[in-house]
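Right, one structure below, let's go through it.
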Number of protein chains: 2
Amino acid sequence: MSDVAKLAGVSTATVSRTLQNPETVKEETRQKVFKAIKALDYMPNVLARQLRRMETKTILVVVPNIENNVFSQIVGGIDAVANERGYKVLLGNTNHRVEKIYDYIDHFKQRQVDGMIVLLSNLPDPVLQDLANEFPIVVTPDAKATVEVSTVTLDNVESGKRATDHLLKLGHRRIAHISGTLDITSSQDRLQGYQQAIVEGGYFVDHTLIKEGDFTFSSGFEAMSALLNTSVPPTAVFCASDEMAMGAIKSIKSRGLKVPDDIAVVGFDNIKFSEVFEPTLTTMAQPLFQMGKKAMTVLIERINNEALEEQHFIYQAELIVRESCGVIFR
Amino acid sequence: MSDVAKLAGVSTATVSRTLQNPETVKEETRQKVFKAIKALDYMPNVLARQLRRMETKTILVVVPNIENNVFSQIVGGIDAVANERGYKVLLGNTNHRVEKIYDYIDHFKQRQVDGMIVLLSNLPDPVLQDLANEFPIVVTPDAKATVEVSTVTLDNVESGKRATDHLLKLGHRRIAHISGTLDITSSQDRLQGYQQAIVEGGYFVDHTLIKEGDFTFSSGFEAMSALLNTSVPPTAVFCASDEMAMGAIKSIKSRGLKVPDDIAVVGFDNIKFSEVFEPTLTTMAQPLFQMGKKAMTVLIERINNEALEEQHFIYQAELIVRESCGVIFR
DNA sequence: TTGTATGCGTTATCAA
DNA sequence: TTGATAACGCATACAA
C-alpha cells in the first residue's frame with residue numbers, strides 16, 4: 001500500500017480512503033491512485049483489514065453431515081446469498097458429534113467469523129442461548145421453540161397434517177406413521193400433524209401404528225416390517241423422510257404386496273431420487289435451497305444490527321403427488 | 001493478552017511464548033500464565049496472529065456444485081483431515097460457472113487462504129498452471145495431465161476397462177457405452193477403457209454404440225432411447241454414472257424390456273441410491289471420501305513445503321456386482 | 001529464561 | 001480534501 005501511495009504521490013491514508021470511501025477523495029486524486037494500483041497490481045491484505053476492522057466477512061455453517069443431500073441443499077442456498085453479499089462460508093462438519101460444535105464456538109471467541117448458521121444442532125438449550133445472546137446466529141431447519149434465537153423452519157405440523165390428510169382423502173383409515181428420531185422438533189411436529197389430521201378427520205389415533213425410525217432407508221425397512229407383522233396391518237403409511245419411505249416400500253414389496261395397490265406410501269423431503277424410484281414417491285417437498293438463502297439473509301441482518309429482535313420464518317412444504325399413494329377417487 | 005501478562009506478572013512476550021513454544025518457558029512461569037489465561041477466559045485473537053504470521057490455516061475448496069453427492073462426499077473427506085490437522089475449510093461453490101473461480105483466486109492474492117483444492121475445474125490450462133506455480137494447489141478427482149500440479153485421481157481407464165470386461169465375461173458382445181461429457185478427462189478415460197476392453201477381448205469397437213451423455217438421469221434416458229431405436233440394439237450398456245444408468249434402465253423398462261434379462265447395465269459411482277434402485281445397480285465404486293482425505297493430506301504437505309515436486313495419487317475403483325448386470329455363468 | 005521493542009498492513013482519528 | 005500518526009493483537013529478533 002505504501003508503494004501505491006508513493007507512486008501516486010499521496011499518503012497511505014488517501015489510498016485507503018480511495019478504496020473504502022471513494023466519494024471522499026477528489027476525482028483527480030482518485031484517478032492517480034487507481035492508476036498506481038493497476039500499475040503495481042496491488043491487492044489489499046485482507047488479514048490486516050480484518051484485524052483493524054475486527055470483522056472477517058466470513059460466516060460459519062455448522063452442519064451434521066455435508067454428505068447428506070438435505071443439508072447440502074441448504075448449504076447451497078446459504079452459499080448463494082453469501083457470495084452475492086460478499087461473505088465467505090466456512091464449513092463446520094460435526095459428523096453428528098455434538099462436542100465438535102464447541103470447537104466451532106471458539107471460532108467466535110477468536111473472532112474468526114462474524115456469524116453462524118446452525119443446521120440441526122443438538123446443543124443444550126442454555127449453551128445455544130448464551131451463544132445467541134452474544135453473537136449473530138440463525139438456526140435452521142430444525143429449531144426448538146425454547147430458545148430465543150432467529151430461526152428459519154418448516155411448518156412441520158402442517159406438513160404432517162397435509163400428508164396424512166391426503167391419505168385420508170384417498171379413503172384410508174388405518175394410516176401408520178414412521179417418524180424420524182423423536183429427539184428433534186421436526187420429527188415431533190410431523191408426528192403431531194399426523195395425529196391432528198386423524199383426530200380432525202373424526203378418527204382415533206392408534207399408537208400401535210406409530211413407529212420411530214431414524215430417517216434412514218434401513219430404519220424405514222425395519223419399521224415397516226414390524227407394522228406388517230401385526231394382525232391388522234395399515235393400508236397406508238406416512239414416512240417422515242423419503243429414504244424411510246423407500247425402505248418401507250422395499251419391505252412391502254418383499255412380502256409380495258404392491259404399492260400403492262395394497263399399501264399407499266407418502267414420504268417427506270422430495271429428494272432427487274423420489275421421482276426415479278419405482279413407484280415414484282408422493283412426498284412433501286421442503287424448499288431447502290430457499291430456506292438456506294433466507295437463513296443467510298437473516299444472519300446478515302443480524303450482523304449489521306438491522307434486525308434487533310430475533311426473527312422467525314416458517315416455510316410451507318408442498319405436496320407432490322406421484323404414484324406411491326394411488327389416485328384420488330371422488 | 002496484556003491483561004493475562006499483567007495478572008501473571010510477566011510480559012506479553014512470555015504469554016505468547018507459553019502459547020506457541022511452551023518448552024521455552026520455565027515450568028513455573030508456564031503454570032502462572034496458564035492460570036491467568038483460565039482466570040480471564042482468554043482466547044488469542046486469531047486475526048492478529050494470522051496477520052503476524054501471514055498464514056490463515058484455512059484452505060479453499062472450489063466445487064462445481066456442493067449439492068451433488070459425488071462432490072459432497074469428497075468435501076467430507078477433505079473436511080475430516082482438515083479438522084484433524086487444524087485447518088478450516090472455506091467453501092467455494094462455482095455453480096458450474098467457470099468465471100467464479102477467478103474470485104476465489106483473488107483469495108490467494110489477498111492472503112485469505114493457505115492453499116486450494118480444485119474439484120473438477122474447467123480452468124484454462126495456462127491459468128491453472130500459473131496459479132499452481134505460485135500457490136499450493138491440489139486438483140481432484142478430474143485432472144488434465146497437461147498441467148504440472150498435484151493431483152488425486154481415479155484410474156478411469158482401468159475402471160472403464162473393468163466394467164466393460166465384466167460385461168464381456170458375462171457373454172455380451174454388443175456392449176454400448178453412455179459416456180459423461182467428453183470435455184473432461186474422466187469421461188474420455190472411461191470411454192478409452194471401454195474401447196480397450198473390447199479390443200483386447202478380440203472384438204471391434206462399434207462407434208454407433210457410443211453415446212455422449214452429461215451424467216444426468218435424463219441424458220441417460222435419452223441416450224438409451226437412441227440406442228434402442230437402432231436396428232440392432234446392444235445387449236449391454238456401460239454408463240459413466242449411476243444416474244445415467246438409472247435413466248437408461250428407465251428407458252429400457254419403458255419399452256417393455258427387462259434388466260438384466262434383455263439388457264445388462266453397469267453404472268459408475270456407487271451412489272447411495274444404487275443399492276435401493278430396482279434392479280440394484282452393478283457399478284464401479286470410487287473411494288471418494290478417501291480421495292478427499294488424500295487431497296487434503298497432499299495439500300498440507302505442499303503448504304509446509306514437505307513435498308517439493310508435484311505428486312500424483314491414483315486410486316482404483318471397485319466393481320460392485322449387483323442385479324443390473326445379471327449373473328456370471330461359468 | 002525473560003523482557004523490550006518493533007513490525008505485520010490496514011483503517012480511523014485528528015489536525016491541517 | 002489530505003496527511004501524520006496511532007492502534008488493532010500478536011510474534012519474534014535481540015538484548016539482558
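Being a predicted model, the structure only gives us computed values, none of them experimental. The chains referred to below are lettered A, B, ... by the order of the sequence lines, with proteins before strands, and numbering in each begins at 1.
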Next on the checklist: Once ring pair (Phe, Tyr, Trp, His ring centres under 6.0 Å) is applied, do any residues pair with B/Tyr315, and if so which ones, sequence neighbours excluded?
Outcome noted: none
Checklist outcome for this item: Overall bend of the helix from C/dT1-D/dA16 to C/dA16-D/dT1 (five pairs an end, 10° steps) is 40°
Checklist entry - When all nucleic acid strands are considered with a 4.0 Å heavy-atom cut-off, which category describes B/Arg52: base, sugar-phosphate, or nothing? => result base
Next on the checklist: What contact category does A/Met1 fall into here, base, sugar-phosphate, or nothing, at under 4.0 angstrom with non-hydrogen atoms?
Outcome noted: base
Item to check | Any residue meeting side chain to side chain contact (heavy atoms under 4.5 Å, CB included) with A/Val81, in chain and number order, not counting sequence neighbours | outcome: A/Arg85, A/Lys293, A/Met296, A/Thr297, A/Ile300
Checklist entry - Who are the side chain to side chain contact (heavy atoms under 4.5 Å, CB included) partners of A/Ala132, not counting sequence neighbours? => result A/Val149
Next on the checklist: Within residues 29-42 of chain B, which residues have any heavy atom lying less than 4.0 Å from an atom of DNA chain D?
Outcome noted: B/Tyr42
Checklist entry - Would you say A/Thr14 reaches D/dG3's phosphate, i.e. side-chain N/O to OP1/OP2 under 4.0 Å? => result yes
Checklist entry - At under 4.0 Å between heavy atoms, what does A/Gln50 touch on the DNA or RNA strands: base, sugar-phosphate, or nothing? => result nothing
Checklist outcome for this item: B/Asp269 meets the side-chain hydrogen bond (donor to acceptor under 3.5 Å, both in side chains) criterion, sequence neighbours left out, with B/Gln286
Next on the checklist: Mind checking if B/Val25 touches a base, just sugar-phosphate, or nothing, with heavy atoms under 4.0 Å?
Outcome noted: sugar-phosphate
Item to check | Sugar-phosphate only, base, or nothing, as touched by A/Val46 at under 4.0 Å among non-hydrogen atoms | outcome: nothing
Item to check | CD1 on A/Ile66 to CD1 on B/Ile78, rounded to 0.5 Å | outcome: 11.5 Å
